[in-house]
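Written out below as structure tokens is the structure these notes cover.
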Amino acid sequence: MTSARERLLYPLKIAALLILGSLVVYISFSIFPIAYSIYIAFTDASAKNIAPGPRLYELREAKSRITEYLESRKDYIIGEAVKAKTLVDETITILDELSTTIASATPENISVAAINRMRGDVDGRLLEVKSIVVSESTKLYLDPSIVNPLDRALRTLDYRVWQPVDQLLLYKIHVTEEDLARLKETVLPAVNEAKILLGEASQSLELVGSNYNGFIGRAMGEIDRQIDELTLHFVGLKNFRRLFDNPRFPYSLFKTLLFVVTSVPLKMIAGVTLAIIYTSPLILGRRFTRGLLLLPWAIPILLSVTTWRILFTPERGFLSSTIEGLLGYRVDIYVNEWHAFALYNIVEVWLAYPFVMTVTMAALASIPREYLEAALVDGARTFQTLRSVVLPLILRPLAFAAILTTGASLQAFMIPLLINNGGPAKSISLPGYTPTTGYSNEMMVLYGYNRAWLDQDYGLSAATFLVVVSILLVYAVAWYYLLYRRGWASV
Amino acid sequence: MATSSPRIIIAVAALLVLIIIAGILLVTREGAPTTPTSPTPTPTQTPPITTPPTQTPPVTQPETVRELVIGTSKIRVPPDFYEFVSKVKRGDVRVTINFWTAMMPFEVKVIDRAVKQFESEYPGVKVQYTGTVANMKEAIKAGIIAGDVENTAHVFTWAHDWTGEMADGGFIVSLSKYLPRETIEDLRKEYAALAFSSGVYKLGLYGLPWAIEGIALVCNLDMTGGALPGKFSQLEEIMKRWYNPERKTYGLAWQIDPYHVYPLITAFGGFYYDEDRDAVGVNSAGAVEGFKFLLSKVFPYMFTGDLGHEAQLSIFEEGRAPCIITGPWNIPRIKEKVARIAIGPIPEIDGMKPKPFSGIKLLWITKAAEADRNRLYASILFALWFTLNDDVIRMLMEEAGFIPVKVSSLDFLRANRDKYPIVAGFSMALADSTPMPKSVKMAKVWGPVAEALASMITIYNERGREEAVASVSKLLDEAQRKILEAFKG
């Protein structure tokens, strides 16, 4: 039993409210997004179905009422279909006439006016047909066997008949034999194609009357197809299979690990060396220069990586041309896989050494002066002091810095993206795989990003990131185990 | 030492904060012209002749439509739309619409003036214009999904290749739903056929066209001796003359990617994706020939170490190449550096005509405008006015270099070709272009083609021309296979 005093101090209602509030925040901002992005990895998410627009709801609503509507307006719809069919058939006749006119045209007898009149007749009729088909009252637009040929016929006429006619005839004062030959060569086959397509549309329009239930079936089928297209589907492990059924992602994994192996030691060496040098009181104005050395931290990464890219631009970049001038060695980050990889390492070291340096300097500062003086008294040389006294004392903070910076290398993204988007492209081969074309320096995270933004394959992208997260998790757990369970931390 | 470390960190943090503040200031500065509450809305151009439409339509007209002057064109419209227009013209109805673009500052400035002109002509409609919307497609989709009809675009513009995705998702409104056959028939006559068709998707009219863009041959006349090559053999002569890697001069500047090399593919009869037949043609005979031609006949005169936009553009700007194949978007930059340029179609190859991709800038009405009839009509009116007004189109052409697609503006351009050589040059070059596919499926095509092309470039640079040419077929077969697999899902 809680006392009255306790209730006053810790009112239950407020406590419940706070708990509820934090739960809501936790679920909506933490649990849900994580769960959702994991779910996406198991779906066929694409630009179309990941965030379906209002169309999906319209379709679902239409589906429930469509059969009833089509049944109730049967006579009207059939009447309109017949009207449309008549117009289509008339159009085909006019197109026949157009073919004959163009086929038999000579520079002397060609009449641009006659062709334009036929064009007006064709366009007028087809517009009428179009308005019947797309009308909400007939719903003929739900029948793909009508819409598809009609749509194609209209485009064929616009692009491959009227446009060349305009170009070759309309703006010419004098039509030459050559113009006409060209016209016949380009336009006549297109007119023919349009006629065939219109014939298909005409047949489908006729089918509406002769087999009305068939039309209802096709309309329902089309609605179902469109709903299906806008719906996210669960595909199980398919995305993960796709990740590993060609060598691109495995190679990306290999390249990322290689990057960790090369960049982490370089970062550590650079950071520790600079820290030791700049802790020495012998360096003039070391506080100021030390501050300057930390600058890579302060500059936005977008700016600094772009600057590095410009410095190494083939032929024109300051550094690439200097290297070529002095050493006669051509640096080509857009062509050579390993040149680009080397540049990633340079930039990564440049970006990360301030971190390692700061950690090291803090550790160095904590070494009691007496130890160093004792070493000096015992006659140890500088290198000996460094190896036997200083290094063991700063090992723990250094290990932490290494762990953290390894995580950064595993997630390399901005550097490859900004330097050459993970290029150059080449044939990627790994044992056990058939070679395939891909980008040779596409690090894991960049690979996932490109699948989403270039290919709009969000499912595959989410699967990639799930793999990346698992790798990081394994890495973190391994360190946790080694540090705390095996007691490394207490060494 | 122990005390100096935190100080350094504080100093670094302070520096960071300063940089961020400076960045925010810069960004807000740049965004300034887009705020619609600018106090000086006076248009510098005289408003177009707007003879008030007579109340009595001609007797031959069916009663269901009335003729209305919009911009500089006469269009038959439904009577309730006609009523609405007269009301907003008198200011009896007040309605606000949001208009979004994702454009460069110099373009935004001109469009902003057009918007002001529209507002002064139709005082009942207030247009909230946002010129530089980041991530526009996603922003519009998100707004519509969230049902935020007040703060989402009601009208927006982009190249027509978004049509498929936006229409299939129901984010944009089919005008065929609200405009009768007569209106569409009249509209059709106003625009070039290619441009009008680009707004039509699955028989519905979704967008109204106002400009076209695509790539053409741009030459520095001081380097070509005043000539603009019309045939590839002529271009080759010029390229040979200038190619000298020792002096870092090249025969041609050309950003190389699947979009920019497409004219070579079409010249040989190839294609990437034909949405009419739902066919992938990445390894078609024409595509193979086109890529081989690029590697064997064009690359030898180019700087292939860096084929990116920036590197190739600066080669041309610095007078290190006589010609570049590029689009109108780079012209303002080029004109700052190169005094005399001429623009023409990409040269014919043995009588075969290269057709570049073209993008037609359309105005779309979004679902966010549909709920409120006044807002919908105001949006449609704005789209009609913007695409049908010859004065506005001329202003956009003169001041921002947009290439018109309205028939009367094209006639004007043709008659004044000498006055507008650049726009006229692009217009002629793009008259015979291939509109980019509207289908969402195209997103699955670009990636594999880009990889194949990038791989050819790597082989060309590392192992030379012969090996690169020999690799074309295999690489394209692989790209074709990848695309077909992606289509299957």
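Values reported hereafter were calculated over all heavy atoms of this structure, with side chains retained and with hydrogens, waters and symmetry mates removed. Numbers restart at 1 for each chain; the letters A, B, ... are given by sequence-line order, proteins then strands.
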Considering only heavy atoms, which portion of B:Arg188 lies under 4.5 Å from any heavy atom of chain A: side chain, backbone, both, or neither?
-> side chain
State the CG-CG distance between A:Asn336 and B:Asn461, to the nearest 0.5 angstrom.
-> 10.5 Å
One option among B:Ala431, B:Ala311, B:Ala142 has the most heavy-atom pairs under 4.5 Å with chain A, and it is B:Ala431
Side chain of B:Thr458, backbone of A:Ala425: donor and acceptor closer than 3.5 Å?
-> yes
Test B:Arg181 against A:Glu128 for salt bridge (Lys or Arg N to Asp or Glu O under 4.0 Å), laying out the working first.
-> CA-CA 7 Å; B:Arg181 189 182 85 87; A:Glu128 181 88 52; 3.2 Å; yes
What residue in B:Pro180, B:Ala454, B:Ser197 has the most heavy-atom pairs under 4.5 Å with chain A?
-> B:Ser197
Could you tell me whether A:Arg225 atom CZ has more than 12 heavy atoms of other residues or ligands within 6.0 Å of it?
-> yes
Kindly give the heavy-atom pair with the smallest separation between A:Asp158 and B:Ala193, and that separation in Å.
-> O-CB, 4.3 Å
Between B:Phe303 and chain A, which part of the residue has a heavy atom less than 4.5 Å away: side chain, backbone, both or neither?
-> side chain
Do A:Thr313 and B:Glu310 touch side chain to side chain, with heavy atoms closer than 4.5 Å?
-> no
Among residues 441-449 of chain B, those lying within the under-4.5 Å heavy-atom range of chain A are B:Ala443, B:Gly447
Just give me the residue among B:Arg320, B:Arg277, B:Lys177 that pairs up with chain A most often, heavy atom to heavy atom, under 4.5 Å.
-> B:Arg320
Top contributor to chain B contacts, counting heavy-atom pairs under 4.5 Å, from A:Tyr439, A:Tyr57, A:Tyr141 = A:Tyr439
What distance separates A:Leu127 CG from B:Glu185 CD, expressed to the nearest 0.5 Å?
-> 5.5 Å
Contacts under 3.5 angstrom, residues 165-175 of chain B side chains, donor-acceptor by atom type, not counting sequence neighbours:
| residue | atom | partner | partner atom | Å |
| --- | --- | --- | --- | --- |
| B:Glu165 | OE1 | B:Lys137 | NZ | 2.9 |
| B:Glu165 | OE2 | B:Lys141 | NZ | 2.5 |
| B:Asp168 | OD1 | B:Tyr201 | OH | 3.2 |
| B:Asp168 | OD1 | B:Lys202 | NZ | 3.3 |
| B:Asp168 | OD2 | A:Lys48 | NZ | 3.1 |
| B:Asp168 | OD2 | B:Tyr201 | OH | 3.0 |
| B:Ser174 | OG | B:Ser176 | N | 3.3 |

Pair count under 4.5 Å, heavy atoms only, with chain B: among A:Arg316, A:Arg330, A:Lys426, highest is A:Arg316
Honestly, the part of A:Pro52 sitting under 4.5 Å from a heavy atom of chain B is backbone
Which portion of B:Lys189 sits near chain A, non-hydrogen atoms under 4.5 angstrom = neither
For the candidates B:Lys248, B:Lys482, B:Met456, which exhibits the highest count of non-hydrogen atom pairs separated by less than 4.5 Å from chain A?
-> B:Lys248
Any chance NZ of B:Lys474 has more than 12 other-residue heavy atoms, nucleotides or ligands included, within less than 6.0 Å?
-> no
Closest approach of A:Arg152 and B:Asp276, non-hydrogen atoms and distance?
-> CD-O, 2.9 Å
Give, as side chain, backbone, both or neither, the part of B:Glu275 having an atom under 4.5 angstrom from any heavy atom of chain A.
-> side chain
Nearest-0.5 Å distance that lies between atom CG in A:Asp332 and atom CD in B:Glu462 = 9.0 Å
Give a yes or no on whether a salt bridge exists between B:Lys367 and A:Glu58, defined as a side-chain N under 4.0 angstrom from a carboxylate O.
-> yes
Counting heavy-atom pairs under 4.5 Å to chain B, which of A:Leu56, A:Leu454, A:Leu154, A:Asp123 comes out on top?
-> A:Asp123
With chain B, the option among A:Thr437, A:Asp455, A:Asp151 that has the most non-hydrogen atom pairs under 4.5 Å is A:Thr437
Where on B:Leu475 is there a heavy atom nearer than 4.5 Å to chain A: the side chain, the backbone, both, or neither?
-> side chain
The interface call for A:Arg160 against chain B, heavy-atom contacts under 4.5 Å, is neither
Considering residues, nucleotides and ligands other than A:Glu178, do more than 12 of their heavy atoms fall under 6.0 Å from its CD?
-> no
Bottom line for B:Ile145: the part with an atom under 4.5 Å from chain A's heavy atoms is side chain
Toward chain B, the part of A:Ser427 with a non-hydrogen atom under 4.5 Å | backbone
B:Leu203 versus A:Lys130, closest heavy-atom pair with distance | O-CE, 3.5 Å
Chi angles and distances behind the salt bridge (Lys or Arg N to Asp or Glu O under 4.0 Å) call for B:Glu451, A:Arg248 | CA-CA 12 Å; B:Glu451 282 159 18; A:Arg248 288 188 68 172; 2.7 Å; yes
Any chance you could measure A:Tyr334, atom OH, to B:Ile457, atom CD1, to the nearest 0.5 Å?
-> 12.5 Å
Minimum heavy-atom distance A:Val134-B:Gly204, with the two atoms named | CG1-N, 4.4 Å
Top residue by heavy-atom pair count (under 4.5 Å) with chain A, among B:Pro435, B:Ala452, B:Gly308?
-> B:Pro435
